[in-house]
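Structure first, then comments.
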Amino acid sequence: GNHAAAGGALAGRHVLITSGPTHEPIDPVRYIANRSSGKQGHAIAAAAAAAGARVTLVSGPVSLPDPAGVETVHVESAREMLAAVEAALPADLAIFAAAVADWRVADAAPEKMKKDGGALRPLSLVENPDILATVAQRTGGRPGFVVGFAAETQNVIDYARAKLARKGCDLIVANDVGGTGVMGGDANTVHLVTPDGVETWPTLPKEEVASRLVAHLARQIAGKAE
Ligand code: CTP
Ligand code: CA
């Protein structure tokens, strides 16, 4: 139909986005986390709302305000993020921009650990659920289009292609975080990796990456059933 007349390229669509890091508790005052400001994911949520979508943003702990006009669900851990994502389905489009901690502490201490001057207690880690793969591989209720991110320090395109296949998503937004400035910075250089090929964009402000990505994804899902 004519989406522009209905208020934007994503009018009538539900877009689900994850953003930020997850925090995995060691004890009540300490945690393991990935570096992530949430800037890119939050900018995508704002851009999707501006394109007329109903947007659910599942955010780990960030110091950013909730984007205007976006239903924001705040979580801490990967398992909480997965539960919030599944509660927000169904969605027409799902974008997994969060930097999810790959591991959590198997036996987080219920009380604050004290130094005590003695031997360190080793942390035993267990792998977290893969939220993107879980959603992309759903047999019922899979979102119409599933997008992952891949932050890499080397072999960016090769690793992104491998992740695309392994996780079962439709597109990977790959970025090279090997240099300085991307993590927490305001600009991003991305490659859109699909089974059909690779499209490399110039270095752009994260807001510009967000609006271009939303326009690109709106075109991808435009042909699919409403
Ligand atoms: N992702 C996720 N849940 C996880 C780990 C990753 O949803 N437990 C998502 C991220 O949000 C991102 C994509 O998967 O969209 C790729 O994340 P990345 O960390 O690059 O992939 P991993 O499979 O964890 O591989 P590795 O960290 O070993 O490179
Ligand atoms: Ca990871």
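Ligands are counted one by one from 1 in listed order, and the atoms in each one are counted from 1 as well.
Between Thr56 and His14, the side chains place a donor N or O and an acceptor N or O closer than 3.5 Å (distance only, hydrogens not considered).
Using a 4.5 Å heavy-atom threshold, the side chains of Arg30 and His23 count as separate. Within the 4.5 Å cutoff, no side-chain heavy atoms of Val105 are placed close to those of Asp27. Under the 4.5 Å side-chain criterion, counting only non-hydrogen atoms from C-beta, Thr134 is in contact with Leu82. Between Thr189 and Pro202 there is no side-chain heavy-atom pair separated by less than 4.5 Å.
The count of protein N, O or S atoms under 3.0 Å from the Ca ion (ligand 2) stands at 2, with waters excluded from the count.
Sequence neighbours left out, not one pair with a member in residues 45-96 passes ring-ring contact (aromatic ring centres under 6.0 Å, His included).
Sorted by chain and number, the heavy-atom contacts of ligand 1 below 4.0 Å come from Phe96, Ala98, Val100, Asp102, Pro129, Asp130, Ile131, Leu132, Gly148, Phe149, Ala150, Lys163, Arg166, Lys167.
Remark: Pro205 pairs with Glu207, Glu208 by the side-chain contact (heavy atoms from CB on, under 4.5 Å) rule, at least two apart or across chains.
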* Could you walk me through whether Arg79 and Glu24 pass the salt bridge (charged side-chain N to carboxylate O under 4.0 Å, His left out) check? -> CA-CA 9 Å; Arg79 288 186 294 175; Glu24 310 297 332; 6.0 Å; no
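Residue-environment remark: CZ (Arg166) exceeds the threshold of 12 foreign heavy atoms within 6.0 Å.
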